[in-house]
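The structure appears right after this line, and notes come after that.
All heavy atoms count here, side chains included; hydrogens, waters and symmetry mates do not.
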Amino acid sequence: MENTQEKVLEKAILAGLYADCLDKKDCSTEDSMDELEALLETAGGECMGKVLQNRHTPDPRTYIGQGKVQEIKELVAMNDCSLVVFDNELSPSQTRALSEDIGVRVMDRSSIILDIFAQRAKTKEGRLQVELAQYKYMLPRLTGMWTHLVRQTAAGGSSPIGTRGPGETQLETDRRHIRRKIDKLEEEIEAVRKVRNTQRRKREKNGMPVVAIVGYTNAGKSTLLNKLTDAGIPAKNRLFDTLDTTTRRLKISPRTEILLSDTVGFIRKLPHHLVDAFKATLEELVYADVLLHVIDASNPLWREQVEVVDDLIDQLKAAETPRIQVFNKCDIMNEEILFKGEYNVEISAKTGEGIDKLLSKIEHILDNGQRHVVFHLPYSMGGYVQTLHEKSSVIKTEYMSDCIMVEAVVGPELYGKLRDYIADLDDENQENI
């Protein structure tokens, strides 16, 4: 029975506005409307028509003007639709006015994205972050729910007996309730952040570099993580398939092991409150040693998508982190493009083509002269055990009958000083630093 219900798609009309006075990023175009259609399909809807309006400024009441509202109303009736979705962000009053004029529910791009996130979040952390974003989105839009009562309590004595006051009282009660929920959720997310900080310090102590995979939604991030680590994440061709961060260990060479993290995909016009809510997850980008920016090279709009991701990385204050641009899906590219550059690499996460080059570039960035070695120190040099703990990442210490065995990841200085005490010194470790 449930499966039958899942197949019933909600019919919707999509609408957008291109206005000269708006920032280019906030305007609707045919491409952004196509992306909105993909978002609608991901949320469980079906697009029955699109209306794209061009005007100098947004209409204060209806955003797109009364003429286009009437056109949308006719399309809704003709196609038996129950929903209209706007590509632009609407104010609470505009959403309310449009819903009254058209006679069906009206949503904007932000609310569709929130709905998808609510469907996809699986972990407790993911659900907390989505719930916080939803409440922050809902708070300024509460007024519309109580408009009928506010009208009844207007001056002039027209209010029916028994309805004076409750409208505003209920509105304020709901606002206080939502503010309390927001405060509680922020406290819980802060607790998650503290746990992450503890885990991060432990990783730093163990000398394990962190590489974070970032990119536009549906660029192939999960497919790449699966290819590299056999993580077993379901990687489907749909937007926002991954919300919950997955981290796996990966040995990229005999001497280098990393932690590889997948992150939520970015998209144009991503709601600010959603970015804020997911900062507990996204701050992993700030502390990563390397970012792998996965780009869908087969998408004609890949340049615009790169710009969106770069802007969000800047917003998260991770612009200084070393970055490799990973041009994915090169096996199905629509045109012949050469992605030249020291930190560019072409791959196919599906077939595995170019993966070796990618791992080589990661190691090149991480190679700061550190070596993973085992020392056999005589007891007369016991003082160096403390030095190793202070200035390197000690993995294991064992006091043996004739020496002290210390396994550690060391920098060039200590490596040079203690080189003669390295056990089983192989050719690789004898390389000049």
Side-chain angles (χ1 to χ4, degrees), residues 22-29 31-32 34-36 38-39 87-89 109-110 113 117 133 209-225 239-243 245 260-330 333-335 337-347 349 354 357-358 361-362 364-366:
L22 292 177
D23 189 298
K24 188 180 176 184
K25 294 175 184 175
D26 297 324
C27 287
S28 289
T29 62
D31 292 328
S32 72
D34 288 343
E35 191 173 79
L36 182 64
L39 285 168
D87 190 38
N88 318 80
E89 188 158 346
R109 188 185 184 97
S110 293
I113 291 173
F117 272 48
V210 177
V211 176
I213 303 175
V214 301
Y216 208 77
T217 183
N218 206 30
K221 299 181 297 300
S222 295
T223 306
L224 177 59
L225 184 69
L239 304 183
F240 295 119
D241 201 51
T242 302
L243 287 191
T245 303
L260 192 62
S261 287
D262 192 12
T263 59
V264 62
F266 296 153
I267 197 168
R268 74 184 89 189
K269 304 180 189 176
L270 194 64
H272 293 298
H273 43 265
L274 202 54
V275 176
D276 289 341
F278 272 77
K279 269 185 179 170
T281 302
L282 294 173
E283 71 178 3
E284 285 290 306
L285 307 186
V286 182
Y287 295 99
D289 297 283
V290 179
L291 297 181
L292 299 186
H293 179 178
V294 180
I295 300 161
D296 180 357
S298 69
N299 192 316
L301 300 174
W302 68 265
R303 291 176 183 83
E304 288 86 346
Q305 294 182 352
V306 166
E307 192 177 327
V308 169
V309 175
D310 286 346
D311 286 347
L312 281 162
I313 288 173
D314 290 347
Q315 189 180 328
L316 293 162
K317 298 181 172 59
E320 300 304 315
T321 305
R323 199 179 315 174
I324 298 173
Q325 292 200 124
V326 184
F327 290 91
N328 188 28
K329 305 186 186 180
C330 286
M333 278 177 52
N334 297 326
E335 55 182 311
I337 306 172
L338 295 175
F339 303 106
K340 295 295 183 185
E342 184 182 0
Y343 294 114
N344 291 352
V345 60
E346 297 177 37
I347 70 158
K357 288 182 182 177
L358 173 60
K361 285 186 185 291
I362 295 172
H364 176 71
I365 289 176
L366 292 174

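- Judged as a side-chain contact (heavy atoms from CB on, under 4.5 Å), and not counting sequence neighbours, the contacts of Thr321 are Leu291, Ala318.
- Taking CG of Leu224 as the start and CG of Asn328 as the end, the distance is 7.0 Å to the nearest 0.5 Å.
- Ion pair Asp87/Arg268 not flagged as a salt bridge, since none of the NZ, NE, NH1 or NH2 atoms sits closer than 4.0 Å to an Asp/Glu carboxylate oxygen.
- A salt bridge links Glu35 with Arg109; the closest basic N to acidic carboxylate O contact falls under 4.0 Å.
- When all heavy atoms are compared, the tightest approach of Leu312 to Ile267 is CD1-O, 4.4 Å.
- The nearest pair of heavy atoms linking Lys221 to Val214 is CD-C, 3.4 Å.
- With hydrogens and angles ignored, the 3.5 Å screen pairs no side-chain donor or acceptor of Asp26 with any backbone N or O of Asn88.
- Taking all atoms of both residues into account, the shortest heavy-atom contact from Ser32 to Lys269 is OG-NZ, 4.1 Å.
- For the atom pair CG of Leu301 and CG of Asp31, the computed distance is 4.5 Å after rounding to the nearest 0.5 Å.
- Separation of atoms CG (Asp296) and OH (Tyr216) is listed at 11.0 Å; rounding is to 0.5 Å.
- The closest donor-acceptor contact from the side chain of Lys329 to the backbone of Ala349 lies at 3.5 Å or more, if one exists at all.
- Annotation for Trp302 and Ala297: closest pair CD1-O, 4.2 Å, computed over non-hydrogen atoms.
- When all heavy atoms are compared, the tightest approach of Gly354 to Ile347 is O-CG2, 3.5 Å.
- Note: Glu320 CD to Asp314 CG = 9.0 Å, rounded to the nearest 0.5 Å.
- A 4.5 Å side-chain heavy-atom check between Ile113 and Leu39 finds at least one atom pair inside the cut-off.
- Side chain of Asp289 to backbone of Val211: no donor-acceptor contact under 3.5 angstrom is found.
- Considering CD of Gln305 and NE2 of His293, their distance stands at 8.5 Å, rounded to 0.5 Å.
- Ile313 CD1 to Arg323 CZ: the interatomic distance, rounded to the nearest 0.5 Å, is 4.0 Å.
- When all heavy atoms of Glu89 and Ser110 are compared, the pair lying nearest together is OE1-OG, 3.6 Å.
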